[in-house]
Amino acid sequence: SQPEQTKRRVLLKLSGEVFGGGKLGVDPDTVRGVAKQIAAAVPAVEVAIVVGGGNFFRGAELSQSGMDRSRADYMGMLGTVMNCLALQDFLEQAGVETRVQSAITMGQVAEAYIPRRAIRHMEKGRVVIFGAGAGLPYFSTDTVAAQRALEVHADVVLMAKSGVDAVYTADPKKDPTAERLETLSYDDALRRDIRVMDQTAMTMCKDNKLSMVVFGMEGEGNVTRAIQGEKLGTLVSA
Ligand code: UDP
C-alpha cells in the first residue's frame, strides 16, 4: 500500500515559451531564473514538472507545411526532452536533485516513465521532470500535465503562463472590458471556450476533480509562490 502523503505535491506545467524566452531554442538565463524559483520551494513541497516544446517544434504547425503529422509530433516530443535537460542542469546547479523521465525510451539521457518511481523520487526530495509528452502523436503536453498529475496524485496543476497573469473573460491586450477572473469552473471554461489549456486536458481535470491554478511567470517570485500554494492568478476547479 502507498504511504500516506503528507507534503503538498504539485504538478507544474512549463510550456516551451518559458524556455525560449519567446525565441526558438533555449535561453539559458531564462531557464536559470525559473530553476532558482523552483529550488526555493523544494523540498518543503514535492514538485513534478511537465515540460512543453513549442519553442522547438509544434507538430500541427509542421504538418501544415507538408510534413507527416505523426513524424512532426515526434519532433515536437523530442524538443521537450532538450528543455528537460536544460531545466535539469539549472536545477542541479541550484542544489536540487532531479530525475528526468521520458515517455520515449532514451536510456542515456533519461529514465523511462515509471510513475511509482516518480513518486519515490519526490518523496526523497527530488524534482521529477517529465519529457517527451505522452510519447504519442496527436497529444499535447497540457493533456500530459493533467494525466501525470492524476497518476502521481498531485494536489493541483500549476499552469505557468507567459505574458498574462490570470484568466480573463477576453484577451486583456485587445479588449479593455476584459475581466480578470479569481475563480472559474471547468464547465464555464469549456462552455465559454476559454482556452486556459486544451479541451482534452480540461475535460480530464474536470472529470477527475483536479484543480488548476493559472498564473503569470512574470511577477517577482511567482513560480515559488505558486508552488508554495499562495493565492495567485485564477483557480479553475470542477
Ligand atoms: N507532442 C505530442 N504528443 C505529446 C506531447 C507533445 O505529439 O504527448 C508534440 C506536439 O507536436 C506538440 C509538441 O510536441 O506540438 C510540443 O508540445 P506542446 O505544443 O504541448 O508544447 P507547449 O505548447 O507547451 O510549448
Please check: side-chain N/O of [X] versus main-chain N/O of [Y], any donor-acceptor pairing under 3.5 Å?
X      : Y      : value
Asn55  : Leu24  : no
Ser70  : Pro137 : no
Thr80  : Ala132 : yes
Asn83  : Gly52  : yes
Thr224 : Ala41  : no
Asp155 : Arg9   : yes
Glu218 : Gly163 : yes
Lys161 : Val167 : no
Asn208 : Leu210 : no

Dump the intermediate steps for side chain to side chain contact (heavy atoms under 4.5 Å, CB included) on Met159 and Asp142, then the final yes or no. CA-CA 9 Å; Met159 297 285 288; Asp142 281 0; 3.6 Å; yes
Nearest atoms (heavy-atom pairs only) where [X] meets [Y]:
X      : Y      : value
Lys7   : Pro43  : NZ-O, 2.8 Å
Ala39  : Ala94  : CB-CB, 3.7 Å
Ser211 : Tyr186 : C-OH, 3.6 Å
Gly135 : Ala103 : N-CB, 3.5 Å

Look up atom [atom1] in [X] and atom [atom2] in [Y], then write down how far apart they are to the nearest 0.5 Å.
X      : Y      : atom1 : atom2 : answer
Ile119 : Ile114 : CD1   : CD1   : 12.0 Å
Arg120 : Arg99  : CZ    : CZ    : 12.0 Å
Leu150 : Lys209 : CG    : NZ    : 12.0 Å
Ile104 : Tyr74  : CD1   : OH    : 6.5 Å
Met202 : Thr143 : CE    : OG1   : 10.0 Å
Leu11  : Leu158 : CG    : CG    : 8.0 Å

Under the salt bridge (Lys or Arg N to Asp or Glu O under 4.0 Å) test, which residues partner Arg180, sequence neighbours left out?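 Residues passing salt bridge (Lys or Arg N to Asp or Glu O under 4.0 Å) with Arg180: Asp165, Glu182.
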Residue pair [X] / [Y], side-chain heavy-atom distance below 4.5 Å:
X      : Y      : result
Thr30  : Phe19  : no
Val96  : Ile38  : no
Leu78  : Phe56  : no
Val156 : Arg8   : yes
Arg192 : Thr169 : yes
Arg191 : Asp188 : yes
Phe215 : Val223 : yes
Met212 : Lys206 : no

Just to verify, which of Glu97, Glu111, Glu46 counts as forming a side chain to side chain donor-acceptor pair (under 3.5 Å) with His121? Glu111
Look at atom CZ of Phe139 and say whether more than 12 heavy atoms of other residues, nucleotides or ligands are closer to it than 6.0 Å.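 No, not enclosed.
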Would you say Arg71 has more than 12 foreign heavy atoms packed within less than 6.0 Å of its CZ? no
Do [X] and [Y] belong to the same hydrophobic cluster, where Ile, Leu, Val, Met, Phe, Trp and Tyr are linked whenever their side-chain heavy atoms lie under 4.5 Å apart, directly or via other members?
X      : Y      : result
Phe130 : Val18  : no
Val144 : Tyr138 : no
Met204 : Val213 : no
Met122 : Tyr113 : yes

Run through Val128, Val127, Ile129 and flag the one making a side chain to side chain contact (heavy atoms under 4.5 Å, CB included) with Val47.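 Exactly one option meets the side chain to side chain contact (heavy atoms under 4.5 Å, CB included) with Val47, and it is Val127.
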State whether a side-chain donor-acceptor pair under 3.5 Å links Asn222 with Glu230.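 Glu230 and Asn222 do not have a side-chain donor-acceptor pair below 3.5 Å.
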